> 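This is the structure I want to talk about, given as structure tokens.
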There are 2 protein chains.
Amino acid sequence: MRAESAGAFEPNCPSRTVLDHVMSKWGVLVLVALTDGTARWGALRRNVEGISDKMLASTLRTLEADGLVERTAYPEVPPRVEYALTPMGEQLMERMMPLMQWVLANADAMVGAGRAQPASAS
Amino acid sequence: MRAESAGAFEPNCPSRTVLDHVMSKWGVLVLVALTDGTARWGALRRNVEGISDKMLASTLRTLEADGLVERTAYPEVPPRVEYALTPMGEQLMERMMPLMQWVLANADAMVGAGRAQPASAS
DNA sequence: CAGCATCCATAGGGATACTG
DNA sequence: CAGTATCCCTATGGATGCTG
């Protein structure tokens with residue numbers, strides 16, 4: 001390492017924690033699902049295919065605690081709750097989306113394929 | 001989702017797999033450790049603090065299978081093995097590093113802090 | 001609708017010991 | 001040096017059922 005990211009290698013660096021939240025299986029997908037704007041619980045549940053109530057709940061709570069996602073509950077009946085990225089969350093996603101899009105574009109070539117050439121990008 | 005990343009939400013989309021490898025706890029750190037160039041097993045082991053032999057081995061094998069990391073063994077004694085990013089891996093990291101750096105810069109403000117303001121970036 | 005609580009299975013991952 | 005093999009444990013996370 002040329003030191004720019006040295007901190008990430010220390011086990012108790014806060015970045016490790018954030019990284020684990022943000023880069024987790026469901027964390028990424030939930031964040032991506034919110035990049036388009038506010039979404040309700042049910043929408044997220046449907047959008048992020050395969051996620052369970054439990055995982056959606058805990059993922060959202062973690063991201064909220066990290067200050068990346070904001071939760072707004074409306075005192076109505078039936079209940080309505082909306083989730084949105086905070087300014088922090090949006091900054092994060094600005095940097096995450098290019099990565100996501102590259103992965104999406106190249107995933108097919110990678111899985112199993114091994115030595116495929118990158119789809120002329122960059 | 002405005003559809004650009006729609007594929008990521010389907011459970012059996014290849015991107016899910018790649019994402020899980022690349023965004024995994026040790027996957028990111030190993031990849032980051034390789035962004036400076038070729039590194040030997042021992043160097044990675046020491047550099048990525050906290051990783052075990054087992055995890056380093058399996059992480060490297062996974063990334064190699066994904067075509068992101070290249071393994072070169074030299075038929076010497078004592079053995080020497082070097083790992084490096086493939087062109088694919090480098091493209092990936094070009095998009096990963098900005099994210100990493102942002103996380104490193106903002107992690108302190110996030111963990112626990114919750115609603116901290118982003119460090120004027122973007 | 002939006003969740004939290006509970007139970008439970010699996011696999012992620014650590015520690016240790018051994019090998020080419 | 002660069003791994004592999006084994007044991008074992010905990011935390012992740014799925015399924016189900018209940019509540020405000």
Side-chain angles (χ1 to χ4, degrees), chain A residues 8-12 16-34 37-66 69-84, chain B residues 8-12 16-31 33-34 37-66 69-84 111:
Chain A
F9 294 126
E10 291 149 29
N12 19 8
R16 276 276 186 103
T17 311
V18 175
L19 233 39
D20 282 0
H21 297 168
V22 153
M23 316 285 269
S24 71
K25 173 169 178 162
W26 299 119
V28 216
L29 295 175
V30 168
L31 286 168
V32 170
L34 287 172
T38 300
R40 300 185 55 171
W41 169 279
L44 290 173
R45 184 73 215 279
R46 262 171 285 111
N47 209 334
V48 182
E49 292 182 45
I51 198 170
S52 63
D53 284 348
K54 187 184 177 179
M55 279 302 99
L56 181 53
S58 85
T59 300
L60 283 169
R61 270 187 273 108
T62 302
L63 295 175
E64 199 192 346
D66 287 341
V69 166
E70 189 185 21
R71 192 194 113 116
T72 315
Y74 296 87
E76 306 171 352
V77 41
R80 181 166 57 103
V81 182
E82 292 186 342
Y83 295 89
Chain B
F9 294 126
E10 290 148 29
N12 19 9
R16 277 277 187 104
T17 311
V18 175
L19 232 39
D20 281 0
H21 297 168
V22 152
M23 316 286 269
S24 72
K25 173 170 177 164
W26 299 119
V28 218
L29 294 174
V30 168
L31 286 168
L34 287 171
T38 299
R40 301 183 54 170
W41 168 279
L44 290 173
R45 183 74 215 280
R46 263 170 285 112
N47 208 335
V48 182
E49 292 182 46
I51 199 171
S52 63
D53 284 348
K54 187 184 178 177
M55 279 303 98
L56 181 53
S58 85
T59 301
L60 284 170
R61 269 187 273 109
T62 303
L63 295 175
E64 199 191 346
D66 287 343
V69 165
E70 188 186 20
R71 192 195 114 115
T72 315
Y74 297 87
E76 306 171 351
V77 41
R80 182 165 57 104
V81 182
E82 292 187 342
Y83 295 90
V111 175

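As a basis for the values below, the full set of heavy atoms in this structure was taken, side chains included, without hydrogen atoms, waters or symmetry mates. Lettering of chains follows the sequences in order, A, B, ..., and the numbering in each one begins at 1. The structure displayed is predicted, hence computed values, not measured ones.
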> CG of L44(B) versus P of dC1(D): gap in Å, rounded?
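Spelled out: CG on L44(B) to P on dC1(D) is 14 Å.
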> Round to a whole Å and report the spacing from CG of L56(A) to P of dG13(D).
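Rounded to whole Å, this separation is 13 Å.
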> Are any of the side-chain heavy atoms of V81(B) and R71(B) separated by less than 4.5 Å?
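With C-beta onward as the side chain, the pair touches.
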> Over how many whole Å does the gap from L60(B) atom CG to dC1(D) atom P extend?
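Whole-Å distance recorded here is 17 Å.
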> Answer yes or no: is there a side-chain heavy-atom contact under 4.5 Å between I51(B) and L29(B)?
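No; the side chains remain at least 4.5 Å from each other.
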> Could you tell me from which nucleotide to which nucleotide of DNA chain C, 5' to 3', there is an atom under 4.0 Å from chain B heavy atoms?
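Here the contact window of chain B covers dG13(C) to dG20(C).
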> Does any part of the side chain of V28(B), heavy atoms only, come nearer than 4.5 Å to the side chain of M23(B), both counted from C-beta?
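Result no, sub-4.5 Å side-chain heavy-atom pair not found.
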> Can any side-chain N or O of R16(A) pair as donor or acceptor with the backbone N or O of A8(A) at less than 3.5 Å?
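A pair under 3.5 Å: yes.
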> Tell me yes or no: between the side chains of E70(B) and Y83(B), is some donor less than 3.5 Å from an acceptor?
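There is no such pair between these side chains.
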> Evaluate the side-chain proximity of W26(B) to L56(B): yes if any heavy-atom separation is below 4.5 Å, no if none is.
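Counting from C-beta outward, L56(B) and W26(B) never come under 4.5 Å.
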> Out of D66(B), T59(B), T62(B), which residue meets the side-chain hydrogen bond (donor to acceptor under 3.5 Å, both in side chains) rule with H21(B)?
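Answer to the side-chain hydrogen bond (donor to acceptor under 3.5 Å, both in side chains) test with H21(B) among D66(B), T59(B), T62(B): D66(B).
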> What nucleic acid atoms does R45(B) come within less than 4.0 Å of, heavy atoms only: base, sugar-phosphate, or nothing?
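Here R45(B) touches no strand at all.
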> With nearest nucleotides of DNA chain D determined for A57(B) and R46(B) from heavy-atom distances, which residue corresponds to the more 5′ nucleotide?
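Taking each residue's closest nucleotide, the earlier one in sequence belongs to R46(B).
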> In the structure I gave you, are the side-chain heavy atoms of L63(A) and L31(A) within less than 4.5 Å of one another anywhere?
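Yes; the side chains approach each other to less than 4.5 Å.
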> Scan Y83(B) against the nucleic acid and name what it touches under 4.0 Å (heavy atoms): base, sugar-phosphate only, or nothing.
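Sugar-phosphate only.
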> Which atom pairs link the protein and nucleotides 14-17 of chain D when you take only N or O atoms and keep those under 3.5 Å?
from, atom 1, to, atom 2, distance (Å)
dG14(D), OP2, S52(A), OG, 3.4
dG14(D), O6, K54(A), NZ, 2.2

